[in-house]
Amino acid sequence: MSITLKEITRENFNECVKLKIRDDQRFVASNVYSIAESKVAPENIPMAIYAGETMVGFVMYELDYANRELYIGRLMIDQRYQHNGYGWGTLEILRQMGLQDPGLDKMALSTNPDNSYGIRVYEKFGFKDTGILDDGEEVFVFDLGKGQMLKE
């Protein structure tokens with residue numbers, strides 16, 4: 001099944017904010033909070049994740065050209081659709097975006113240290129733990145392999 005990212009619109013807003021995480025994933029900010037954050041920090045780009053015609057999750061990212069990175073601020077897959085490869089597929093879409101943008105050399109994200117499942121997915125995808133804590137979250141970086149990535 002094809003995974004795509006689509007803009008959050010008036011038509012799909014309610015569906016997006018009704019997506020839910022599992023009870024043990026409470027460290028993930030709500031979609032309504034993330035969408036509100038994108039309105040006061042417009043560099044954040046909120047998108048719905050679709051598998052075919054079904055909304056399965058939410059992602060918010062920023063194209064940070066000053067740091068030459070695509071920063072993933074949020075990634076959540078609804079509890080009904082987890083363990084189906086949608087998170088991985090979303091990371092791959094973002095990787096392709098980064099590869100096609102000459103102003104980007106890496107992807108980055110931070111996550112709660114208790115997000116053991118997410119961390120396993122990120123590391124298996126190729127993200128490296130930087131050893132840096134940012135506001136209590138572990139920072140991970142993925143080198144897009146363009147040979148331009150600046151050393152942290």
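A quick note: this is a predicted structure, and the numbers were derived from the prediction, not measured. Numbers here simply count residues along the sequence, with the first being 1.
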Practice task
May I ask you to decide if G98's main-chain N or O and K146's side chain share a donor-acceptor pair within less than 3.5 Å?
Solution key: yes

Exercise for the section: State, yes or no, whether a side-chain contact exists between Y65 and L104 at a heavy-atom distance under 4.5 Å. Expected result: yes

Problem - Y61/M47 under side-chain contact (heavy atoms from CB on, under 4.5 Å): CA gap, chis, key distance, verdict - result: CA-CA 8 Å; Y61 63 91; M47 302 291 280; 3.9 Å; yes

Handout entry: Rounded distance [0.5 Å steps], CZ in R74 versus OG1 in T111
Key = 10.5 Å

Practice task
Report yes if the side chains of T54 and Y81 come closer than 4.5 Å at any heavy-atom pair, otherwise no.
Solution key: yes

Exercise for the section: Heavy atoms only: give me the nearest I8-A48 pair and the separation to one decimal. Expected result: CD1-N, 3.5 Å

Practice task
Answer with yes or no whether the hydrophobic clustering places V28 together with I77; edges join I, L, V, M, F, W, Y residues whose side-chain heavy atoms lie under 4.5 Å apart.
Solution key: no

Exercise for the section: Give the cluster check for F13 versus I49: same hydrophobic cluster or not, with ILVMFWY residues linked at side-chain heavy-atom distances below 4.5 Å. Expected result: no

Problem - V59-Y50 co-clustered via ILVMFWY side chain contacts under 4.5 Å - result: no

Exercise for the section: Check whether any side-chain heavy atom of L5 sits under 4.5 Å from a side-chain heavy atom of L94, and report yes or no. Expected result: yes

Exercise for the section: State, yes or no, whether a side-chain contact exists between L75 and L109 at a heavy-atom distance under 4.5 Å. Expected result: no

Completion exercise
d(I3 CD1, N84 CG) to nearest 0.5 Å is 9.0 Å

Practice task
State yes or no: do F127 and L99 share one hydrophobic cluster built from I, L, V, M, F, W and Y residues joined by side-chain heavy-atom distances below 4.5 Å, directly or via other members?
Solution key: yes

Handout entry: Under-4.0 Å salt bridge between E15 and K18
Key = no

Practice task
Report, as yes or no, whether the 6.0 Å neighbourhood of atom OH on Y33 holds more than 12 heavy atoms from other residues, nucleotides or ligands.
Solution key: no

Problem - Side chain R68, main chain P102, donor-acceptor under 3.5 Å - result: yes

Fill in the blank from the handout: dist I21:CD1 -> Q79:CD (nearest 0.5 Å) comes out at 8.5 Å

Handout entry: Under 3.5 Å side-chain donor-acceptor pair for E7 and T9
Key = no

Exercise for the section: Report the relative orientation of the aromatic rings in F142 and F125; use parallel for angles under 30°, tilted for 30 to 60°, perpendicular for over 60°. Expected result: tilted

Problem - Closest contact, heavy atoms only, F58 versus C16 - result: CD1-SG, 3.5 Å

Exercise for the section: Supply the atom-to-atom distance N115 CG to D24 CG, rounded to the nearest 0.5 angstrom. Expected result: 9.0 Å

Handout entry: Between OH on residue Y86 and CD1 on residue I93, distance to nearest 0.5 Å
Key = 12.0 Å

Handout entry: Main-chain N/O of V139 paired with T130 side-chain donor or acceptor, under 3.5 Å
Key = yes

Exercise for the section: Taking the side chain as every heavy atom from C-beta outward, state whether D78 and V56 have any pair of such atoms under 4.5 Å apart. Expected result: no

Exercise for the section: Please indicate whether K6 has more than 12 foreign heavy atoms, meaning atoms of other residues, nucleotides or ligands, lying under 6.0 Å from its NZ. Expected result: yes

Exercise for the section: Working to the nearest 0.5 Å, report the span between CD of E62 and CD1 of I45. Expected result: 8.0 Å

Problem - E69 side chain vs K106 backbone, donor-acceptor pair below 3.5 Å - result: no

Practice task
Taking the side chain as every heavy atom from C-beta outward, state whether L133 and E138 have any atom pair closer than 4.5 Å.
Solution key: yes

Practice task
Consider only side-chain heavy atoms of I, L, V, M, F, W and Y, link residues closer than 4.5 Å, and tell whether I35 and Y71 are in one cluster.
Solution key: no

Practice task
Determine yes or no for a side-chain-to-main-chain donor-acceptor pair under 3.5 angstrom, with D101 supplying the side chain and G103 the backbone.
Solution key: yes

Practice task
State whether the side chain of N44 and the backbone N or O of A41 hold a donor-acceptor pair below 3.5 Å, judged by distance alone.
Solution key: yes

Problem - Side chain proximity check, Y122 to M107, heavy atoms < 4.5 angstrom - result: no

Practice task
Indicate yes or no: at least one non-hydrogen side-chain atom of Q25 is less than 4.5 angstrom from one of M76.
Solution key: no

Handout entry: Test log, rule side-chain contact (heavy atoms from CB on, under 4.5 Å), inputs L91 and V121
Key = CA-CA 10 Å; L91 291 172; V121 170; 4.2 Å; yes

Fill in the blank from the handout: On a heavy-atom basis, the closest approach of P113 and G136 is CD-O, 3.3 Å

